[in-house]
**Student:** 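To start, I am sharing the structure in question, which I have written as structure tokens.
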Number of protein chains: 2
Amino acid sequence: MVNNAAVLDRAFHALADPTRRSIVDRLSRGPASVKELAEPLPMSLAAVVQHVQALEGSGLVSSEKVGRVRTCRLEPSALAAVERWAADCRTTWQARLDRLGDHLAESAKTNPKKK
Amino acid sequence: MVNNAAVLDRAFHALADPTRRSIVDRLSRGPASVKELAEPLPMSLAAVVQHVQALEGSGLVSSEKVGRVRTCRLEPSALAAVERWAADCRTTWQARLDRLGDHLAESAKTNPKKK
DNA sequence: AGATTAGTAAAGCATTTACTTGACTGTCCT
DNA sequence: AGGACAGTCAAGTAAATGCTTTACTAATCT
């Protein structure tokens, strides 16, 4: 949990780009070559390579080159870190609301009708 | 689910910045004025205002101004959208792995020791 | 009334980003 | 061997980003 902040930083930064998010989405359905990833995208192969490099640097994706084709696969742990951060924020917020509700209910019981 | 993509886009973009993420983190522990949000941050108040505006535009935060102080609070639905997207990716990936495992186990049973 | 406080708006600036194109390197197919 | 294929590297560019400073407004305190 020490360098977790750096992981989160890189992951969120990588996911901020819609192209990269669509690549992650595609990879969740199975590994793919860079060429395959580029297929549906309206940009040059070189641009896609750059996105893949960004994703790899963030830990969201890993890849391996065999022959002349580089196969990319999703690395779910970085994705889990993102998920966990968002969930933590939400549940902390929720817990606070619950405490607030309890407190109000309690003071209403001992001190009813006070404005 | 139609304009959900736009929501996700704005939310991830907003969360890509570490300062904004720390603001969200702070707000998960309860509402705060812009001044309070700025307190621990190494930048001018004007800069923090800009971050708050970005967060508000993304739907992650809402705010209300009473008197001269603007109070910000977390808006958990946008955060939930982020959480859900990441979870969807991960579970899709996991489901694919499971199917793969089943398939391999099955073919090993009917076709053992094949190279 | 006058001074401080909280926030806003606008303009400017350095850096980063998301591309492009062009040249190049290996690998695979006939 | 020769050509197409998959990817890489480098340089350049236009736009976006994260600040700053200055000047301002409106609310609150003394």
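Side-chain atoms are counted along with the backbone in the values below, which use heavy atoms only and exclude waters and symmetry mates. Residue numbering restarts at 1 for every chain, and letters A, B, ... go by the order of the sequence lines. Predicted, not measured: the structure shown is a model, and the values here were computed from it.
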**Student:** Looking at DNA chain C, which of residues 49-56 of chain A put a heavy atom within less than 4.0 Å of it?
**Tutor:**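 Close to the strand are Q50(A), H51(A).
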**Student:** Which angle, to the nearest 10 degrees, lies between the helix axes at the two ends of the helix from dA1(C)-dT30(D) to dT30(C)-dA1(D), each defined by five pairs?
**Tutor:**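 About 30°, once rounded to a multiple of 10°.
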**Student:** When you get a sec, tell me which of dA6(D), dT20(C), dG18(D) is the closest nucleotide to the side chain of A47(A)?
**Tutor:**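 Given the options dA6(D), dT20(C), dG18(D), the side chain of A47(A) is closest to dT20(C).
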**Student:** Atom pairs, N/O to N/O, protein against nucleotides 27-30 of chain D, distance under 3.5 Å?
**Tutor:**
residue: dA27(D); atom: N3; partner: R68(B); partner atom: NH1; Å: 3.2

**Student:** Please name all residues satisfying side-chain hydrogen bond (donor to acceptor under 3.5 Å, both in side chains) with D88(B), sequence neighbours left out, ordered by chain then number.
**Tutor:**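 Partners of D88(B) by the side-chain hydrogen bond (donor to acceptor under 3.5 Å, both in side chains) criterion come out as none, since no residue qualifies.
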**Student:** Where along residues 19-40 of chain A does a heavy atom fall under 4.0 Å from DNA chain C?
**Tutor:**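 Only T19(A), R20(A) qualify.
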**Student:** Looking at residues at least two apart in the chain, or sitting in another chain, which of them share a side-chain contact (heavy atoms from CB on, under 4.5 Å) with T91(A)?
**Tutor:**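 None.
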**Student:** Using the ring pair (Phe, Tyr, Trp, His ring centres under 6.0 Å) rule, collect all pairs that involve residues 55-89 of chain B, keeping only residues at least two apart or in two chains.
**Tutor:**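 For residues 55-89 of chain B, and leaving out neighbouring residues, the ring pair (Phe, Tyr, Trp, His ring centres under 6.0 Å) pairs sorted by first residue read F12(B)-W85(B).
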**Student:** From CG of D17(A) over to P of dA15(D), roughly how many Å is that when rounded to an integer?
**Tutor:**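 The distance from CG of D17(A) to P of dA15(D) comes to 18 Å, rounded to the nearest Å.
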**Student:** What side-chain hydrogen bond (donor to acceptor under 3.5 Å, both in side chains) pairs are there with at least one residue in residues 37-53 of chain B, not counting sequence neighbours?
**Tutor:**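 For residues 37-53 of chain B, and leaving out neighbouring residues, the side-chain hydrogen bond (donor to acceptor under 3.5 Å, both in side chains) pairs sorted by first residue read R20(B)-H51(B).
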**Student:** Quick test: give all pairs of protein nitrogen or oxygen and nucleotides 23-25 of chain C nitrogen or oxygen below 3.5 Å, distance rounded to 0.1 Å.
**Tutor:**
none

**Student:** What is the distance, rounded to the nearest whole Å, between atom CG of L45(B) and atom P of dT20(D)?
**Tutor:**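 For the pair L45(B) CG and dT20(D) P, the rounded distance is 11 Å.
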**Student:** Show me, pair by pair, the donor-acceptor contacts under 3.5 angstrom made by side chains of residues 66-75 of chain A, not counting sequence neighbours?
**Tutor:**
residue: R70(A); atom: NE; partner: S63(A); partner atom: OG; Å: 2.8
residue: E75(A); atom: OE1; partner: S62(A); partner atom: OG; Å: 2.9

**Student:** Run the side-chain contact (heavy atoms from CB on, under 4.5 Å) test against A95(B) and tell me which residues pass, sequence neighbours left out.
**Tutor:**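 Applying side-chain contact (heavy atoms from CB on, under 4.5 Å) to A95(B) gives R99(B).
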**Student:** What residues form a side-chain hydrogen bond (donor to acceptor under 3.5 Å, both in side chains) with R26(A), not counting sequence neighbours?
**Tutor:**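 For R26(A), no residue satisfies side-chain hydrogen bond (donor to acceptor under 3.5 Å, both in side chains) once neighbours in sequence are set aside.
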